Amino acid sequence: MSYYAAHVYMIMGVVSGLFYREFTKAEDFHGETQLALMHTHLLALGMLVFLIVLGLDKVFQLSGTRLFTAFFWLYNAGLALSTAMMGVHGILTVLGRDEDHIPEAVPLTAGLGHIVLTVGLVLFFILLGKRVNAHVQHPAPTAGREEDATAA
């Protein structure tokens, strides 16, 4: 699951960067917009996070648990909501709306997305903490240790 999530976020990050460049060029926009941050958020919080999760899953067997499933869907929902609202806010800015004319629902929904994303991260760290502690208390044998045990 994590590999596919990382791959999807990589595609979305690259496409959103392309959209930012082309949309602002087409609208002859030269100011600051949330669109400039959207592709970075998708690449860093999406692709890079899930590549890291993929590696941690390989070491600590995180996936397949209820906590991992809850983390995965909450984190993705929160990131999708937050970046979607960045996109809406950015498009409205490029189209000439100032901060006073952006609907209140946009920042409120983005805030909700951040809260959901944070809940997902908390669940991930609870699961990771449990698995790290279990790994420290009962380390898995490595190839070198098995050979040493057989030689003795």
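Only a predicted model underlies this, so the values are computations on that prediction, with no experimental measurement involved.
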Peer 1: Enter the distance from E99:CD to T93:OG1 here, rounded to the nearest 0.5 Å.
Peer 2: 5.5 Å
Peer 1: List the atom of V116, the atom of G78, and the distance in Å for their closest heavy-atom pair.
Peer 2: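 Between these two residues, the closest heavy atoms are CG1-N, 3.8 Å.
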Peer 1: Take F124 and L62 through the test side-chain contact (heavy atoms from CB on, under 4.5 Å) and record every step on the way to the result.
Peer 2: CA-CA 9 Å; F124 179 76; L62 303 171; 3.7 Å; yes
Peer 1: To the nearest 0.5 Å, what is the distance between CE (M38) and CG (L43)?
Peer 2: 10.5 Å
Peer 1: Take the angle between the ring planes of F50 and Y9 and call it parallel below 30°, perpendicular above 60°, tilted in between.
Peer 2: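 F50 vs Y9 ring planes: parallel.
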Peer 1: Can you tell me how far apart CE (M86) and CG (L37) are? Round to the nearest 0.5 Å.
Peer 2: 4.5 Å
Peer 1: Find the distance between CG (L35) and CG (L92) and round it off to the nearest 0.5 Å.
Peer 2: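 It is 9.5 Å, given to the nearest 0.5 Å.
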Peer 1: Is the gap between the ring centers of F29 and Y20 under 6.0 Å?
Peer 2: no
Peer 1: Are V132 and L121 in one and the same hydrophobic cluster, where Ile, Leu, Val, Met, Phe, Trp and Tyr link if side-chain heavy atoms are under 4.5 Å apart?
Peer 2: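 Yes; L121 is reachable from V132 via cluster members.
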Peer 1: Main chain of H114, side chain of S82: is a donor-acceptor contact present, judged purely on distance under 3.5 Å?
Peer 2: yes
Peer 1: With the 4.5 Å side-chain cut-off for hydrophobic clustering, are V49 and V14 part of the same group?
Peer 2: yes
Peer 1: Please tell me if the side chains of R97 and P103 come closer than 4.5 Å, counting only heavy atoms from C-beta onward.
Peer 2: yes
Peer 1: In a check of side chain to side chain contact (heavy atoms under 4.5 Å, CB included) between Y3 and each of V8, L54, D57, V53, which one passes?
Peer 2: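 By the side chain to side chain contact (heavy atoms under 4.5 Å, CB included) criterion, Y3 pairs with just one of V8, L54, D57, V53: L54.
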Peer 1: Picking from F71, W73, F72, what satisfies side chain to side chain contact (heavy atoms under 4.5 Å, CB included) with T69?
Peer 2: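 Checked F71, W73, F72 against T69; only one passes side chain to side chain contact (heavy atoms under 4.5 Å, CB included): W73.
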Peer 1: More than 12 heavy atoms of other residues, nucleotides or ligands under 6.0 Å from CD of E32: yes or no?
Peer 2: no
Peer 1: Under the 3.5 angstrom rule, does the side chain of D98 hit a backbone N or O of H101 as a donor-acceptor pair?
Peer 2: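 A pair under 3.5 Å: yes.
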Peer 1: Can you measure from OG1 (T83) to CG (L45) and round to the nearest 0.5 angstrom?
Peer 2: 9.0 Å
